[in-house]
Amino acid sequence: MKRLLPLLAALALFAGPAQAEWAPKGPIKFWIGFGAGGGTDTQARALAEELEALKGWRIIPENKAGGGGAVMAAQLKNEPADGQTVGLAINTTFDFATIGNENISIDDFTYITMTAGSQMAVLARADSGWKSLDDMVKAAKSGTNIVWANWGNQVQAGAEMVARHYGITVNHLRGKGGKSAINALVAKDANVGWGGGVQGPLVAAGELVILASAEPKPLVQAPDQPTLIDLGVMETGLGFQFLLAGPKGMSDDARDTFAAAIHEVLKNPESKTAKFITKQYPPGPLMTSGAALEAQLKKNLEANKELVKLVK
């Protein structure tokens, strides 16, 4: 034993103090890149509440809507990179809205983690009588004015791609936030619209119908409807993923502590956030994080640059 004591003492000297988990030094500003009441807002507020309960942090959610999340992102990039200001938006805020944008670039941020993915659909009111995209096209060619509700440049470009593919004209109605397109359909301000997932209850209730999937795969609620890729309209889908980011330069400790805490919430099937995501954005939470998330966004950016060229 006597021979072991010097060795143990040496090991203790080199081991140093145990690494402490990152912790904020005050309240965390949790910015939401879209307006109140939509899918981003609902999951952000549920997540903030459950992170507070899990970690004991004080988190203050705040909506900063506009530009498909770009208004929030432009402010976020100038905040201190101390982990105490983060923002929830969607991937297109960073891999599409940054194209040709002098205010933000994809390299301005630290990417923390995804939380969920969309169920992007082409929607119509059930009382239109349309059962498919072909029905909508026939109506357009018979003189029906097509007003297509959307909330951002990418989905508006997608609507224009559909119109050009079928040789019809659409009028674009721009709203704020993902729920705005649903509201426009319900209010009869539009007769076609994009739904990223919040359409679920109204589709289940029979008020809205899904004409096609804009994801690479058929949608959970309409497994028999074709995708826009199947129909030859586009080569990639328009689906999106929700993700949390901070200003460029956040420490790996802060980034990874945030991601681990969020993953703990999302992996708990009884959490409010996980239940909301599973219901609105099936099949459930997505948790790509850190360097893998950043690599995926940069790959998306290159694909989106080609999309922009198509609709110019």
Side-chain angles (χ1 to χ4, degrees), residues 16-34 40-41 43-45 47-48 50-52 54-116 240-266 285-305:
Q19 187 174 9
E21 182 184 66
W22 175 85
K25 295 179 180 177
I28 295 172
K29 294 185 284 186
F30 194 124
W31 291 350
I32 305 163
F34 293 87
T40 318
D41 180 62
Q43 68 165 295
R45 292 178 184 277
L47 183 58
E50 293 186 314
L51 285 174
E52 278 193 333
L54 178 67
K55 305 295 290 185
W57 301 339
R58 185 183 175 211
I59 301 178
I60 305 171
E62 182 181 356
N63 296 91
K64 290 183 175 290
V71 169
M72 181 277 290
Q75 296 178 51
L76 179 64
K77 76 168 191 176
N78 292 321
E79 288 292 302
D82 56 5
Q84 293 189 211
T85 307
V86 295
L88 187 71
I90 57 178
N91 62 297
T92 55
T93 301
F94 307 99
D95 64 26
F96 187 88
T98 52
I99 298 174
N101 191 324
E102 296 180 354
N103 294 321
I104 53 173
S105 84
I106 198 167
D107 294 319
D108 287 335
F109 305 96
T110 298
Y111 298 101
I112 300 171
T113 187
M114 284 184 190
T115 59
F240 57 84
Q241 296 87 41
F242 297 94
L243 64 94
L244 192 77
K248 180 181 179 180
M250 276 180 66
S251 70
D252 289 351
D253 282 348
R255 181 197 65 185
D256 295 345
T257 300
F258 251 113
I262 291 169
H263 294 174
E264 188 170 344
V265 171
L266 297 180
L286 300 177
M287 289 175 266
T288 303
S289 59
L293 174 56
E294 182 173 348
Q296 181 171 328
L297 292 171
K298 290 189 173 180
K299 184 177 180 180
N300 293 347
L301 176 66
E302 297 308 311
N304 286 331
K305 286 179 180 176

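FYI, the numbering just counts along the sequence from 1. In this text, all values refer to a predicted model and were calculated from it rather than measured experimentally.
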Novice: My understanding is that only one of Ile60, Leu47, Ile59 makes a side-chain contact (heavy atoms from CB on, under 4.5 Å) with Glu52; could you say which?
Specialist: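 Among Ile60, Leu47, Ile59, the one that satisfies the side-chain contact (heavy atoms from CB on, under 4.5 Å) with Glu52 is Ile59.
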Novice: Quick one: CG on Leu297 to CD on Gln241, what's the gap to the nearest 0.5 Å?
Specialist: 8.0 Å
Novice: Is it true that Glu62 and Lys64 have a side-chain N and a carboxylate O under 4.0 angstrom from each other?
Specialist: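 Salt bridge present between Glu62 and Lys64.
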Novice: Go through it in stages, so that I can follow the logic: the residues are Ile28 and Arg58, the test is side chain to side chain contact (heavy atoms under 4.5 Å, CB included), and I'd like the CA-CA distance, side-chain angles, deciding distance and then a yes or no.
Specialist: CA-CA 6 Å; Ile28 295 172; Arg58 185 183 175 211; over 6 Å; no
Novice: Look only at the side chain of Asp82 and the backbone of Gln84, and say whether a donor-acceptor pair between them is shorter than 3.5 Å.
Specialist: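 Yes, because the side chain of Asp82 sits within donor-acceptor range (under 3.5 Å) of the backbone of Gln84.
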Novice: With sequence neighbours left out, what residues match Thr92 under side-chain hydrogen bond (donor to acceptor under 3.5 Å, both in side chains)?
Specialist: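 For Thr92, no residue satisfies side-chain hydrogen bond (donor to acceptor under 3.5 Å, both in side chains) once neighbours in sequence are set aside.
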Novice: Do Leu243 and Ile112 have side chains that approach each other closer than 4.5 Å (heavy atoms only, starting at C-beta)?
Specialist: no
Novice: Once you round to the nearest 0.5 Å, how far does CE of Met250 lie from OH of Tyr111?
Specialist: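 These two atoms lie 12.5 Å from each other.
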Novice: Would you call Arg255 and Trp22 a side-chain contact if the rule is heavy atoms closer than 4.5 Å?
Specialist: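 Result no, sub-4.5 Å side-chain heavy-atom pair not found.
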Novice: Between Ile104 and Phe109, is there a side-chain heavy-atom distance shorter than 4.5 Å?
Specialist: yes
Novice: Could you pull out the closest heavy-atom pair between Leu301 and Thr98, with the gap in Å?
Specialist: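 In terms of heavy atoms, the two residues are closest at CD1-OG1, 3.8 Å.
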Novice: Are the side chains of Ile32 and Met72 in contact, using a 4.5 Å heavy-atom criterion?
Specialist: no
Novice: Where the side chain of Thr110 meets the backbone of Gly249, is there a donor-acceptor pair that is under 3.5 Å apart?
Specialist: yes
Novice: Who pairs with Ser289 by side-chain hydrogen bond (donor to acceptor under 3.5 Å, both in side chains), at least two apart in sequence or on another chain?
Specialist: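 side-chain hydrogen bond (donor to acceptor under 3.5 Å, both in side chains) check on Ser289 returns nothing, list empty.
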Novice: Apply salt bridge (Lys or Arg N to Asp or Glu O under 4.0 Å) to Asp256 and list each qualifying residue two or more places apart in sequence or on a separate chain.
Specialist: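 With sequence neighbours excluded, Asp256 shows a salt bridge (Lys or Arg N to Asp or Glu O under 4.0 Å) to no residue whatsoever.
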Novice: Which is it for Met114 and Phe242 under the side chain to side chain contact (heavy atoms under 4.5 Å, CB included) test, yes or no, and what are the steps along the way?
Specialist: CA-CA 6 Å; Met114 284 184 190; Phe242 297 94; over 6 Å; no
Novice: How many angstroms lie between atom NE2 of His263 and atom OG1 of Thr115, to the nearest 0.5 angstrom?
Specialist: 9.0 Å
Novice: Once you round to the nearest 0.5 Å, how far does NZ of Lys299 lie from CG of Asn304?
Specialist: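 CG of Asn304 is found 12.5 Å from NZ of Lys299.
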Novice: Give a yes or no answer on whether the side chain of Thr93 reaches the backbone of Ala70 with a donor-acceptor pair at less than 3.5 Å.
Specialist: no
Novice: Quick check: do Trp31 and Thr85 have side-chain heavy atoms less than 4.5 Å from each other?
Specialist: yes
Novice: A side-chain contact here means heavy atoms from C-beta on lying under 4.5 Å apart; do Phe34 and Ile90 qualify?
Specialist: yes
Novice: Which atom names give the shortest non-hydrogen contact between Ala48 and Pro61, and what distance separates them?
Specialist: CB-CG, 3.9 Å
Novice: Run the side-chain hydrogen bond (donor to acceptor under 3.5 Å, both in side chains) test against Lys298 and tell me which residues pass, sequence neighbours left out.
Specialist: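 Applying side-chain hydrogen bond (donor to acceptor under 3.5 Å, both in side chains) to Lys298 gives Asp107, Glu294.
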Novice: Taking the six-membered ring for Trp and the full ring for Phe, Tyr or His, determine whether the centres of Trp57 and Phe30 are under 6.0 Å apart.
Specialist: no
Novice: What's the spacing between Asp108 CG and Ile106 CD1 if we round to 0.5 Å?
Specialist: 10.0 Å
Novice: So, Lys77 side chain and Asn103 main chain: donor-acceptor pair closer than 3.5 Å or not?
Specialist: yes
Novice: What pairs meet the salt bridge (Lys or Arg N to Asp or Glu O under 4.0 Å) rule with one or both residues in residues 88-98, with sequence neighbours excluded?
Specialist: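 The answer is none; no pair qualifies.
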Novice: Among residues at least two apart in sequence or on other chains, which ones pass side-chain hydrogen bond (donor to acceptor under 3.5 Å, both in side chains) with Gln296?
Specialist: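 Testing Gln296 for side-chain hydrogen bond (donor to acceptor under 3.5 Å, both in side chains), a comparison that skips the adjacent residues, returns none.
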Novice: Walk me through whether Val86 and Phe258 qualify under side chain to side chain contact (heavy atoms under 4.5 Å, CB included).
Specialist: CA-CA 10 Å; Val86 295; Phe258 251 113; 3.9 Å; yes
Novice: Would Glu21 and Asp253 count as a side chain to side chain contact (heavy atoms under 4.5 Å, CB included) here? Give the steps.
Specialist: CA-CA 7 Å; Glu21 182 184 66; Asp253 282 348; over 6 Å; no
Novice: Say you draw a straight line from CZ of Arg45 to CG of Leu88; how long is it, rounded to the nearest 0.5 Å?
Specialist: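 With rounding to 0.5 Å, CZ (Arg45) is 11.5 Å from CG (Leu88).
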